[in-house]
Amino acid sequence: MNFEGARAETYKTASDTELQIHIFEPEGHDAKKDRRPAIVFFFGGGWNGGTPAQFEQHSRYLAQRGMVAAVADYRVKSRQKTSPRECVADGKSAVRYLRQNAKRLGIDPDRIAAGGGSAGGHVAATTGICDGLDDPNDPMEESISSKSNALVLFNPVYDNGPGGYGHNRVKEWFPAISPAHNISKDDPPAIVFLGSKDKLIPVATAEKFQADMKKAGLKSELHVYEGQPHGFFNEKRCG
């Protein structure tokens, strides 16, 4: 995909696919001098499909606000015949890529957020909360961790337990792959946006996640939008 004004880089090759990350920079960004906060977004689509275009406008907006923003492609069932396990591994690779290249990109390696919606919200949440599940081909130096420093989640499928979203798809890796079951005091702060009429992610699930985060001493915000369905934040639905 091509996004006007963005730069595409290949962050890894897996399943015979060059996976790209599209980077939106603030006006006047000087990578040689700046150390800006960054965010990488992951699209939704049930781990089955979707495209990085879902978060193009979110990235453009945050770039206008001074962040280095990016949208990342990752492997999905419809294109690479993969499982949610590979989605998670790719998300961690994308965060690690930004941190590994932070100096070249002019970003602060200690201020890298991960964002996403629905299954992409799951991918983002795992980067901050779920330990392990990394791509074994990634560099594993401690200094280039795949752990994000903040989470920006839109109707995320972060409870993958029995009765939660997608349990049958991920039970081989459960509970390690379920963010809601792995909250610990070293996790990053999170902000969650959810519609009150979301039929996939109940408000009660989001409220429990927030309570568990705060119990662990973590900052967590939940914003519930009255009457809105799953995916309400998408540009087409908003426009």
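Applying the salt bridge (charged side-chain N to carboxylate O under 4.0 Å, His left out) criterion to K12, with sequence neighbours excluded, gives D90, D135. When the side-chain contact (heavy atoms from CB on, under 4.5 Å) test is applied to V71, the partners found at least two apart in sequence or on another chain are F3, H22, F24, F41, P52, F55, S59. K208 meets the salt bridge (charged side-chain N to carboxylate O under 4.0 Å, His left out) test with D212; sequence neighbours excluded.
Counted by atom type alone, Q228 and D198 present zero donor-acceptor pairs between their side chains at under 3.5 Å. Using a 3.5 Å distance cut-off with no hydrogens or angles, the side chains of S146 and D134 do pair a donor with an acceptor. Looking at H29 and D34, their side chains do bring a donor and an acceptor atom within 3.5 Å of each other. In the model, E221 has a side-chain atom that pairs as donor or acceptor with a side-chain atom of H223 under 3.5 Å. A side-chain N or O of T17 and one of Q80 form a donor-acceptor pair less than 3.5 Å apart. A donor atom on one side chain and an acceptor atom on the other are not found under 3.5 Å apart for R79 and N48. Under 3.5 Å, the side chains of S93 and D138 contain a donor-acceptor pair of N or O atoms.
Centroid-to-centroid, the aromatic rings of F193 and F233 stay 6.0 Å apart or farther. Note: F43 and Y74 meet the aromatic proximity criterion, with ring centroids under 6.0 Å apart. Here Y165 and H122 keep their ring centres 6.0 angstrom or further from each other.
Salt-bridge check for K92 with D131: failed, with every basic side-chain N at 4.0 Å or more from each acidic carboxylate O. Between R99 and E141 there is no salt bridge, since none of the side-chain N atoms of the basic residue sits less than 4.0 Å from a carboxylate O of the acidic one. The pair D30-K32 does not count as a salt bridge, with every side-chain nitrogen at least 4.0 angstrom from each carboxylate oxygen.
Scanning both residues, G46 and A119, for their nearest heavy atoms gives N-CB, 3.6 Å. The two residues D159 and T205 have their closest heavy-atom pair at CB-CG2, 3.8 Å.
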